[in-house]
Amino acid sequence: MIAHFDSRSSRKNTLAFWLAVSCAAALSLAARGQSESRGPTKSEIHKTENGYQLLVDGRPFWIKGAGLGSGTMEQLAAHGGNSLRTWGVGNDALLERAVKNGLYVTMGLDVARERNGFNYDDPAAVSRQLERIKAQVLRYKDRPGLIIWAIGNELNLNAKNPNVWDAVNGISKMIHQVDPNHLTTTPLAGVNLKLLAEIKTRAPDLDLLAVQMYADIVNLPRYLRQAQWDGPYIITEWGATGHWECEKTDWGAPIENDSTVKAGLYEKRYDAVIAADPQHCLGSYAFLWGQKQERTPTWYGVFLASGEETESVDVLAHLWSGNWPTNRSPRIQGAWLDGETSHQNVHLKPGATYTAKVIAKDPENDALVYTWEILKESSATSVGGDYESKPSSLPGLIQNSATSEVTMAAPSQPGAYRLFAYVRDGQGHAAHVNIPFYVDATNALAKISDAIAK
């Protein structure tokens, strides 16, 4: 099913081997600055007796990467990353900057989604899209640093028309005709037996599978076995537990893990799935090397909006390089609102006063600085990472907000809210936790009734 594989003699194929070789290659390129003028980077997949091997300019390469957001390439390289992925072609400076930092790029090609109204039964629209993407490929194909074209993103999400995979196959064939140096894939939102059967049948020109999974990533090995998928793959998104797959409050608000729990899950999922299959998995891209608003402003990014690194960055650096950062992020040990945690369905009375507390510890005993914020609960219903605006903040409700224990007044309007605590160490690192709470309308009505009675 998978094209473009050459047979090679058996090689030692352990994870330690991959990490050591790819690290050495990345360091060598970084030392040279990759500044010399040269042609396109050559990427290919070879099949060996022990599985599949990604080669970049003839050297074995294990992807230790992240999806690039507001975090910088310099930070990514400094923490041991060797690759980044994008969701679009970006600008002309992106590849040049990546090369200067010793990073290789999986470049996204924006492909229209059925869930946004594109009709894959319209051959003229499909043809126009192909020509648009061809122009992008021709523009960037000969620049160093590029290794993989990612055709679209989660085209299967909320989609029913299998003709999309015919279009993806057409784009892949076009790329291979004009660009013999780079691999093609299409990132999928999860996998199942039917989806993989469609990919095998309708998009055989793709070089490798790309999967995006969060908490459910622990089931990926079973899904692949059930679908009898024995080819190479990469994980193009993974990380925090998704807001659609977590515990909810009794009013339906998703409960977000604090930054310390998230960091532990990054490590656990990497070790259990990604590092555990060096025969077929060629590496991964953690999500997200930056910050974004998606249900909350802290859910998926491994940085805060103010730029500080969280504990998940520490974990990724250790996974990629084998070394912990010299100064590590604060750790959350617990957080309470009115004596209850985020998992205890916190209900408050309008305008009433409550105590909130967070306990955090810094590995180097740096002095910690605390800030608090109350936001309205997000009303967004978008999927697939589509744009969301940050909910409005409610100032003036928190007293002594620079301490680990604060007094807050509940909002006067009934509804769903979140209390956020941020803990910074003054060294560019931070921890975060939030507690969803609900201000009950019945309490407001009771107050009105009491006032009328008096």
Undergrad: Checking side chain to side chain donor-acceptor pair (under 3.5 Å) for the pair Tyr387/Ser382: CA distance, chi angles, key distance, verdict?
TA: CA-CA 8 Å; Tyr387 173 79; Ser382 56; over 6 Å; no

Undergrad: Nearest 0.5 Å please: distance from the CD atom of Glu256 over to the SG atom of Cys246.
TA: 9.0 Å

Undergrad: When you compare the side chains of His429 and Asp362, does any donor N or O come within less than 3.5 Å of an acceptor on the partner?
TA: no

Undergrad: Quick check: closest heavy atoms across Ala275 and Pro278, and the distance to 0.1 Å?
TA: O-CD, 3.6 Å

Undergrad: Quick one: does Lys292's side chain have a donor or acceptor within less than 3.5 Å of a partner on Gly385's backbone?
TA: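 Checking the backbone N and O of Gly385 against the side chain of Lys292, a donor-acceptor pair under 3.5 Å is found.
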
Undergrad: Before you tell me yes or no, could you show the steps for Arg424 and Ser329 under side chain to side chain donor-acceptor pair (under 3.5 Å), namely the whole-Å CA-CA distance, both residues' side-chain angles and the distance that decides it to 0.1 Å?
TA: CA-CA 8 Å; Arg424 296 175 171 86; Ser329 300; over 6 Å; no

Undergrad: Counting neighbours of NZ on Lys268 that are heavy atoms of other residues, nucleotides or ligands and sit closer than 6.0 Å, is the number greater than 12?
TA: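 No.
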
Undergrad: Show your reasoning for whether side chain to side chain contact (heavy atoms under 4.5 Å, CB included) applies to Lys134 and Val178.
TA: CA-CA 9 Å; Lys134 182 177 182 179; Val178 302; 4.1 Å; yes

Undergrad: Check the side chains of Thr48 and Gln53 for a donor-acceptor pair under 3.5 angstrom, ignoring hydrogens and angles.
TA: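 The criterion, which ignores hydrogens and geometry beyond distance, is not satisfied for Thr48 and Gln53.
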
Undergrad: Under the salt bridge (charged side-chain N to carboxylate O under 4.0 Å, His left out) rule, collect the residues that match up with Arg132, sequence neighbours excluded.
TA: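 Checked Arg132 against salt bridge (charged side-chain N to carboxylate O under 4.0 Å, His left out); zero matches.
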
Undergrad: Answer with yes or no whether the side chains of Arg331 and Ser259 bring together a donor and an acceptor at under 3.5 Å.
TA: no

Undergrad: Test your reading of the model: is there a side-chain donor-acceptor pair from Gln129 to the backbone of Ala112, 3.5 Å cut-off?
TA: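 Judged by distance alone, yes, a pair lies under 3.5 Å.
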
Undergrad: Within the side chain of Asn163, is there an N or O that forms a donor-acceptor pair under 3.5 Å with the backbone of Asp166?
TA: no

Undergrad: At their closest point, which heavy atom of Leu130 faces which heavy atom of Gly170, and how far apart are they?
TA: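 Reported closest heavy-atom pair: CD1-O, 4.0 Å.
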
Undergrad: State the CH2-OH distance between Trp244 and Tyr214, to the nearest 0.5 angstrom.
TA: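 Here the rounded value is 6.0 Å.
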
Undergrad: So, the side chain of Ser127 versus the backbone of Pro123: is there a donor-acceptor pair under 3.5 Å, distance only?
TA: no

Undergrad: Short question: side chain of Thr260, backbone of Ile332 - any donor-acceptor pair under 3.5 Å?
TA: yes

Undergrad: Is a side-chain donor-acceptor pair under 3.5 Å present for Asn181 with Asp142?
TA: no

Undergrad: Answer yes or no: is there a donor N or O on one side and an acceptor on the other, between the side chain of Asn169 and the main chain of Asp205, under 3.5 Å?
TA: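 Yes; at least one donor-acceptor contact below 3.5 Å.
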
Undergrad: Do the side chain of Asn219 and the main chain of Arg222 share a donor and acceptor less than 3.5 angstrom apart?
TA: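 The answer is no, because no donor-acceptor pair under 3.5 Å joins these two groups.
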
Undergrad: For the residue pair Leu183 and Glu44, what are the closest heavy atoms and their distance?
TA: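 That closest heavy-atom pairing would be CD2-CA, 4.0 Å.
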
Undergrad: Can Arg143 and Thr41 be counted as having a side-chain donor-acceptor contact under 3.5 angstrom?
TA: no

Undergrad: Look at the rings of His243 and Tyr300 and say which category their plane angle falls in: under 30° parallel, 30 to 60° tilted, over 60° perpendicular.
TA: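 It falls in the perpendicular class, over 60°.
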
Undergrad: Give a yes or no on whether the backbone of Leu419 and the side-chain of Asn434 come within a donor-acceptor separation of less than 3.5 Å.
TA: no

Undergrad: Say you draw a straight line from OG of Ser172 to CD1 of Ile151; how long is it, rounded to the nearest 0.5 Å?
TA: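 Interatomic distance, Ser172 OG to Ile151 CD1, rounded to 0.5 Å: 4.5 Å.
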
Undergrad: Just to verify, what does Tyr140 make a ring pair (Phe, Tyr, Trp, His ring centres under 6.0 Å) with, not counting sequence neighbours?
TA: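 For Tyr140, no residue satisfies ring pair (Phe, Tyr, Trp, His ring centres under 6.0 Å) once neighbours in sequence are set aside.
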
Undergrad: Can you say whether the rings of Trp324 and His318 are parallel (under 30°), tilted (30 to 60°) or perpendicular (over 60°)?
TA: parallel

Undergrad: Walk me through whether Trp87 and Phe287 qualify under ring pair (Phe, Tyr, Trp, His ring centres under 6.0 Å).
TA: CA-CA 12 Å; Trp87 289 263; Phe287 187 87; 5.8 Å; yes

Undergrad: Using a 3.5 Å distance criterion without hydrogens, assess whether the side chain of Thr249 forms a donor-acceptor pair with backbone atoms of Ala253.
TA: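 Checking the backbone N and O of Ala253 against the side chain of Thr249, a donor-acceptor pair under 3.5 Å is found.
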
Undergrad: Kindly indicate, with the supporting measurements, whether the criterion side chain to side chain contact (heavy atoms under 4.5 Å, CB included) is fulfilled by Tyr233 and Thr185.
TA: CA-CA 9 Å; Tyr233 66 90; Thr185 190; over 6 Å; no

Undergrad: Report yes if the distance between the aromatic ring centroids of Tyr422 and Trp372 is under 6.0 Å, otherwise no.
TA: no

Undergrad: Return the set of residues passing salt bridge (charged side-chain N to carboxylate O under 4.0 Å, His left out) with Glu377 (not counting sequence neighbours), or none when no residue passes.
TA: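 Here the qualifying residues are Arg418.
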
Undergrad: Looking at CD of Gln291 and CG of Leu304, how far apart are the two atoms once the value is rounded to the nearest 0.5 Å?
TA: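 Result: 8.0 Å between the selected atoms.
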
Undergrad: I'd like to know if the side chain of Glu267 and the backbone of Gly264 have a donor-acceptor N/O pair within less than 3.5 Å.
TA: no

Undergrad: Closest heavy-atom contact between Asn161 and Asp121?
TA: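 In terms of heavy atoms, the two residues are closest at ND2-OD1, 3.2 Å.
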
Undergrad: Considering residues at least two apart in sequence or located in another chain, which fulfil the salt bridge (charged side-chain N to carboxylate O under 4.0 Å, His left out) criterion with Asp110?
TA: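 Checked Asp110 against salt bridge (charged side-chain N to carboxylate O under 4.0 Å, His left out); matches are Arg113.
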
Undergrad: For Tyr223 and Asp216, which I'm curious about, is there any donor-acceptor pair between the side chains at under 3.5 Å?
TA: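 Side chains of Tyr223 and Asp216: pair found under 3.5 Å.
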
Undergrad: Kindly determine whether Asp207 and Ile148 satisfy side chain to side chain contact (heavy atoms under 4.5 Å, CB included), including the steps that lead there.
TA: CA-CA 9 Å; Asp207 293 298; Ile148 301 172; over 6 Å; no

Undergrad: Can you confirm if the aromatic rings of Phe420 and Trp299 lie within a centre distance of less than 6.0 Å?
TA: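 Ring-ring flag for Trp299/Phe420: false, centres at least 6.0 Å apart.
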
Undergrad: Taking atom types as modelled and ignoring hydrogens, do the side chains of Asn82 and Trp320 form a donor-acceptor contact shorter than 3.5 angstrom?
TA: no

Undergrad: Ala317 and Ser321: which non-hydrogen atoms are nearest, and at how many Å?
TA: O-OG, 2.7 Å

Undergrad: Applying ring pair (Phe, Tyr, Trp, His ring centres under 6.0 Å), can you list everything that pairs with Phe118, at least two apart in sequence or on another chain?
TA: Tyr120

Undergrad: Taking Leu109 as the fixed residue, which of Ile175, Asn153, Thr184, Thr86 is the one that meets the side-chain contact (heavy atoms from CB on, under 4.5 Å) rule?
TA: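 Considering Ile175, Asn153, Thr184, Thr86, a side-chain contact (heavy atoms from CB on, under 4.5 Å) with Leu109 is found only for Ile175.
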
Undergrad: Near Lys376 NZ, under 6.0 Å, is it more than 12 heavy atoms from other residues, nucleotides or ligands?
TA: no

Undergrad: Checking side-chain polar atoms at under 3.5 Å, does Tyr438 have a donor or acceptor matched by the opposite partner on Asp250?
TA: no

Undergrad: If the threshold is 4.0 Å, N to carboxylate O, is there a salt bridge linking Arg115 and Asp386?
TA: yes

Undergrad: With rounding to the nearest 0.5 angstrom, report the CE to CG distance, Met174 to Leu138.
TA: 7.5 Å

Undergrad: Is Arg295 salt-bridged to Glu388, cutoff N-O under 4.0 Å?
TA: yes

Undergrad: Set out, in order, the CA-CA distance, both residues' side-chain angles and the distance that settles side chain to side chain contact (heavy atoms under 4.5 Å, CB included) for Leu155 and Thr186, then state yes or no.
TA: CA-CA 8 Å; Leu155 297 173; Thr186 185; 4.0 Å; yes

Undergrad: Could you tell me the separation between the CD1 atom of Ile171 and the CH2 atom of Trp165, rounded to the nearest 0.5 Å?
TA: 11.0 Å

Undergrad: Establish, from distance only, whether the side-chain atoms of Thr201 and Glu198 form a donor-acceptor pair under 3.5 Å.
TA: no

Undergrad: Of all heavy-atom pairs between Gly67 and Arg85, which one has the smallest distance, and what is that distance?
TA: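 So the minimum-distance heavy-atom pair works out to CA-CG, 3.5 Å.
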
Undergrad: Listed by chain and number, what are the ring pair (Phe, Tyr, Trp, His ring centres under 6.0 Å) partners of Trp238, not counting sequence neighbours?
TA: Tyr266, Tyr270

